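The model shown is predicted, which means the values in this text are computed figures rather than measured ones. Lettering of chains follows the sequences in order, A, B, ..., and the numbering in each one begins at 1.
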Amino acid sequence: MSITRPKGTNDFLPSDTEKWRYVESILRETAAAYGYEELRTPIFESTDLFLRGVGETTDIVNKEMYTFEDKGGRSITLRPEGTASAARAYIEHKMHGLSQPVKLWYTGPMFRYERPQKGRFRQFHQFGLEAFGSDDPALDSEVIAFAFTFYSKLGLKGLSVRLNSVGCPHCRQEHKRKLQEFLRPHLEELCSDCRSRFEKNPLRIFDCKNEKCQSLINGAPTILECLCDECQEHFTKVKAYLTRAGIPYHVDAKLVRGLDYYTKTAFEILLEDIGAQSAICGGGRYDGLIKEIGGNDTCGVGFALGMERVFAAMESQGIEIPAVPKCDVFLIALGDKAKEALFPAAVSLRGKGIKTELDFLGRSLKSQMKTADRLGAKYAVILGEDELAAGKVIFRDMSDAQQDTISLEEITDEVSRRIKQ
RNA sequence: GUGGGUGUGGCGAAGCGGUUAACGCACCGGAUUGUGGCUCCGGCACUCGUGGGUUCAAAUCCCAUCACUCACCCCA
């Protein structure tokens, strides 16, 4: 029996990693344009960070964390998301002392113990960004605009932004109360899932797939109807900024976020054609988080996108990444003597940054030509018995089959000169 | 945790009870002897996820098991 990788994990082969680098380069470009700087945090953190940061009632904490005790008896958890770590780093490095807002981005693997399916893995990868230290609604809109800019640069189409405000803790308390009041007479008619949601998180009942529950909740007060003046004004401004920037969105009062730390703005961007896991990114404001995990009362807003889902979206929309040439010159040696003569040339050409390949299987000239062709080599250098004796090599242009003879000693200079012209 | 689907060579995919398990792609080699992209020819599977069972006979039927996959829950 051979050993295979754990469930819900992936190997990314060269054809995949090429796409990753491309997408990451666009993300870095966009981050630079928006003024966000890179943050790298550990892949594991103290379990407490997530208990307090993500919230003890969330599914992530209750059933999805990879938690273990290390040899020092500390409870450690592989990070299930990035915001808590970023917030922790903000506090730990006293970034409140920097000019605000502090705008950071990160990317890397996240871990959640779930049954894998399309667009969902146990080790998955997120890119995320966080802006700490300002409650300006323009910053909420900036975060959404960032995602929008990124997707347009990538060429993705058909995205829809769902936007909501989940209010502050006061609005939420008020809403929860009104919602429970509204539903209480029909409590017995709700499905079993929703009956348990009723106490914990009645907002979730809006999401239930059960038609009966849907009809019961139809007409129930939404969070938007319960916003306090401050939250209402904030939401209005967020929408206004988006509209002015020409970013389309639609308000969905039923949008709920699964992590406890969200306040006010909540949004996600959906793309229907990548399966059931259609949320390609999600985020919002979390004004209570930093204080919750032990910092000063500091605002924050951010979002995270799922890399694997971005790739699925690119796949379904047929988005190709720009082709990068894999080989500039293929050195064809016929026989060991020729290979010995060509090997140092390969090393020095590569030292000049020229993509140089040669054969390691003792193949025929014809086969080596085929390989050179397949690699997309622009030139081939051929060294056989006759050339070796004469101290020359054949320099062949693969595109038009023109070839001439150059000196063996000057091969590096000559080839690099011709390639660069 | 719950439910559905699938499991044949590197990949895709026929075969669904009966002699040596199609085909396509990829890969390797060759087409009068040192030259590519097209075409043609040839090569590449002690074997149908694994373990039992039924049968004269199973990749084909049954059971179990594992893996993968999709969906629910929830989320990126």
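Across the P atoms, B:G4 and B:C56 are found 34 Å apart, a figure rounded to whole Å. B:C44 and B:A22: their P atoms are spaced 12 Å apart (whole Å). Rounded to whole Å, the separation between the P atoms of B:C66 and B:G12 comes to 24 Å.
Nucleic acid contact class of A:F330 (heavy atoms, under 4.0 Å, all strands): none. Residue-level contact check: A:I382 touches the bases, meaning some heavy atom is under 4.0 Å from a base atom.
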Worksheet item: How would RNA chain B look in dot-bracket form, 5' to 3', counting Watson-Crick and G-U wobble pairs with both distances under 3.5 Å and writing | for bases paired to another strand?
Response: ((((((((.[[[..)..(....]]].(((((.......))))).....[[[[[..)....]]]]])))))))....
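Using a 4.0 Å cut-off, no side-chain N or O of A:R374 falls inside it from OP1 or OP2 of B:A26. Not one side-chain nitrogen or oxygen of A:R115 sits closer than 4.0 Å to the OP1 or OP2 atom of B:A71.
Atom CD of A:E130 sits about 12.5 Å away from atom OH of A:Y90, to the nearest 0.5 Å.
Contact of A:Q368 with B:U35 (side chain to base): no donor-acceptor pair of N or O atoms is detected under 3.5 Å.
Near RNA chain B, defined here as any heavy-atom distance below 4.0 Å, the residues from residues 103-114 of chain A are A:R112, A:E114, listed numerically. For RNA chain B, the neighbouring residues in residues 59-68 of chain A, judged by any heavy atom under 4.0 Å, are A:D59, A:K63, A:E64.
For residues 397-421 of chain A, no pair satisfies ring pair (Phe, Tyr, Trp, His ring centres under 6.0 Å), with sequence neighbours left out.
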Nucleotide N/O of nucleotides 48-50 of chain B paired with protein N/O under 3.5 Å:
none

Side-chain donor-acceptor pairs of residues 408-415 of chain A under 3.5 Å, sequence neighbours excluded:
from	atom 1	to	atom 2	distance (Å)
A:E409	OE1	A:S407	OG	3.2
A:T412	OG1	A:S348	OG	2.7
A:E414	OE2	A:R417	NH2	2.9
A:E414	OE2	A:R418	NE	3.3
A:E414	OE2	A:R418	NH2	3.4

